[in-house]
Amino acid sequence: MRVSALLLVTLRDDPAEAEIPSHRLLLRAGYIRRVASGIYAYLPLMWRVLRKVSAIVREEMDATGALETLLPQLQPAELWQRSGRWAGYTAGEGIMFHLQDRQERELGLGPTHEEVITALAADLLRSYRQLPVSLYQIQSKFRDEIRPRFGLMRGREFIMKDAYSFHASAEDLAREFGVMEKAYGRIFRRCGLQALAVEADSGAIGGSASKEFMVTAAAGEDLILRSADGSYAANQERAESVAQPALALEAERCTLLETPAQGTIEALCDAHGFHPSQIIKVILLVARFEQGRAQPVLVSLRGDQQLNEVKLSNALQQDHAQDWGSLLSLQALEATQLADASYLPLGFIGPDLGDAVLRGSPQLESSFLRLADHTALALDCFVCGANRADQHRVGAQWGQHGLAAPMALDVRCALEGDGLIDEPTQTLCSSRGIEVGHIFQLGRKYSEALDARFTNEQGRDEALWMGCYGIGVSRLAQAAVEQHHDEAGIVWPVPIAPFEVVVVIASTKEPVQVELAERLYSELKASGVDVLLDDRNERAGVKFKDAELIGIPWRLVVGRGAAEGVVELVERAGNARRDGAPAELMAALKERLQQQRLGL
RNA sequence: CGGGAUGUAGCGCAGCUUGGUAGCGCACUUCGUUCGGGACGAAGGGGCCGCAGGUUCGAAUCCUGUCAUCCCGACCA
């Protein structure tokens, strides 16, 4: 390909809309253009990258025995109603784009394909003899993200590889999960990414075991906690840990303390010399369930800990979905939701806040669901709000003075410095990550809902065991930029670079240079190298800057030395350069490329 | 949805406080010089100043509304 014919439009200034390096660089280097919020056009260079990533994904998926398919993006609401996800995905904070056709039939634009694939499986799979089977596809997905951001990182339309497997037993599903985990490791390694497999929350997809693959990068949206020896790594949403011990509170008996305007843990500690771990803070939320119940929730936490809403949501879903339908949302209780907000002394609330504050608020249930984190319940003696403005209690104890001990759960965020559960002497450290893949053992959630059954060896009918496995292809490509760039621009890993080599003609006015460059370009092309020829009538500096910005791994410069048969070879990563005879450099280049294509 | 900010040429920005009919850099076109690290000079093209109302003799500028985009939280590949 000749640069003169590439429609290469690079920008000298950073577009104002881009915050993180990868987003800025992809815009500046002419890889993507924003069409609407969270919706991007993949320009020719980007499409080459995406096709290379897809090719690697295909090879590895095919190697596991998975079959490629292409499922519809327009999906009938009926399928989603059968799995029970239609309401959650379309109402309120739901993320599914949905519409009506001319017959007023409801349709959704696929954010994922569990329903469609399970319905197909119910149709196609009859006998254990057909199992196991896995299907995958690579296509655009649609999610009406609450907040699209960072370019391709969180788009509303994005390219995803999703795979679904069907098994006759939980054991075989677990086996496939292991196969996929290994395949994912190879995919990310081959793409030149440093990725880490971590234990994860299963979220809206559901299911039991799940692992996320994180590309470590400062701009990552997730926090990962891991032990130094690598034996444990988990997303903070999921991570469990042993909290650092609380400082013992010395108090003979429970007394009232005047705390004027000290409504925060910090103010309380500053004014009275407490340690945050000696205080119990109370968080009020409202959990909304499918059947319309708006349940006030009161959570007690140790003052130095943070509420983990994912863990709390999961606990609520698990304990109450049976009675009240699935949990739709969990939000802070706003004073404005109460009939009389003056009863709510925010900042001075204790675990025994009376249900009376809810009185006269017909849209809410009349009593709190009271929960506490283990670390809060483990305190023998603590400071907490007195349920009256500007007053706290010191030396309070569970079970005394009406402080009934609520149900204890793990609803706190694991923190850097906490102990490892299995070996508390080891501490956890944290880093940020971009989630590029997620694999789930779904179990029978969808097969039961959609009645996807098969006949087992004993001749009995049973629901299929399912797994699902996703890779954010477009996100992965941007994550690669996030991990591989410098001041001058992108530094693509060879296996996913849009082109492997750019031959730069320093001056197109010099016939000797043009001739030699054309010869080298043809030779590289003939030997199967993805090569660009920068034949533009531009100054050499412009071509060098552009080559660096768009991140081509190798640059072969045909310039001043051309007449004497000398060219220059520069590697983008590290900027090492050497002069030499074309034949010698070409041989070295081809050899090195062979290795780099394999990710070596 | 809550909090914060911004909409002026393809991109980056100034002008707005104190109203008088739009400017700078990059990019683009033509000519000349230059030619291995985003050249220089000359000449040019391109803007319902996000949109709608209002105030005013007069609005990019003041007021009201609205839409869009970005950032911080809830969502996730």
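Only this structure's heavy atoms are used, side chains among them; waters, hydrogens and symmetry mates stay out.
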Colleague: For the pair made of NZ in A:Lys141 and C1' in B:C76, what is the distance, rounded to whole Å?
Modeller: 14 Å
Colleague: What does A:Arg149 touch in the nucleic acid at a heavy-atom separation under 4.0 angstrom: a base, only the sugar-phosphate, or nothing?
Modeller: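 Since a base atom lies under 4.0 Å of A:Arg149, the category is base.
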Colleague: Tell me, please, whether A:Phe150 has A:Arg154 positioned over its six-membered ring: NZ or CZ under 6.0 Å from the ring centre and within 45 degrees of its axis?
Modeller: no
Colleague: Do A:Gln137 and A:His113 meet the criterion of a side-chain donor-acceptor pair at a distance under 3.5 Å?
Modeller: yes
Colleague: Specify the separation, in whole Å, of atom CG of A:Leu285 and atom P of B:G73.
Modeller: 18 Å
Colleague: Within 45° of the axis and under 6.0 Å from the centre of the six-membered ring of A:Phe544, does NZ or CZ of A:Arg555 qualify?
Modeller: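 Checked: cation-pi criterion met.
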Colleague: Give a yes/no on whether any side-chain N or O of A:Ser37 is located under 4.0 angstrom from OP1 or OP2 of B:C70.
Modeller: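 Checking A:Ser37 against B:C70: at least one side-chain N or O falls below 4.0 Å of OP1 or OP2.
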Colleague: Taking the six-membered ring for Trp, does A:Phe544 stack with B:G38 (centroid gap under 5.5 Å, planes within less than 30°)?
Modeller: no
Colleague: May I ask you to verify whether the side chain of A:Arg539 and the base of B:U34 hold a donor-acceptor pair under 3.5 Å?
Modeller: yes
Colleague: Is a salt bridge present between A:Arg34 and A:Glu17, judged by a nitrogen-to-oxygen distance below 4.0 Å?
Modeller: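 Yes.
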Colleague: Taking atom P of B:C11 as reference, at what distance in whole Å does atom CG of A:Leu8 sit?
Modeller: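 Spelled out: CG on A:Leu8 to P on B:C11 is 17 Å.
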Colleague: Determine whether any donor atom in the side chain of A:Arg147 lies under 3.5 Å from an acceptor atom in the base of B:C75, or the reverse, and answer yes or no.
Modeller: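 No.
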Colleague: Out of B:G12, B:C76, B:G36, which has the shortest distance to the side chain of A:Ala540?
Modeller: B:G36
Colleague: Can you tell me the distance, in whole Å, between the CD atom of A:Glu538 and the C1' atom of B:G38?
Modeller: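 So the CD-C1' distance, A:Glu538 to B:G38, works out to 9 Å.
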Colleague: Name the nucleic acid region contacted by A:Ala506, choosing base, sugar-phosphate or nothing; use a 4.0 angstrom heavy-atom cut-off, strictly under.
Modeller: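 Contact class for A:Ala506: base.
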Colleague: Any chance the side chains of A:Asp201 and A:Asn235 put a donor and an acceptor closer than 3.5 Å?
Modeller: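 The answer is no; no qualifying pair exists.
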Colleague: Want to settle it: does A:Asn235 or A:Pro15 sit nearer the 5' end of RNA chain B, counting the closest nucleotide to each?
Modeller: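 Comparing both residues, the 5'-ward one is A:Pro15.
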Colleague: How would you label the contact of A:Gly470 with the nucleic acid (heavy atoms, under 4.0 Å): base, sugar-phosphate, or nothing?
Modeller: nothing
Colleague: Suppose we call a contact any N or O donor and acceptor under 3.5 Å apart; does that hold for the side chain of A:Asp14 and the base of B:G12?
Modeller: no
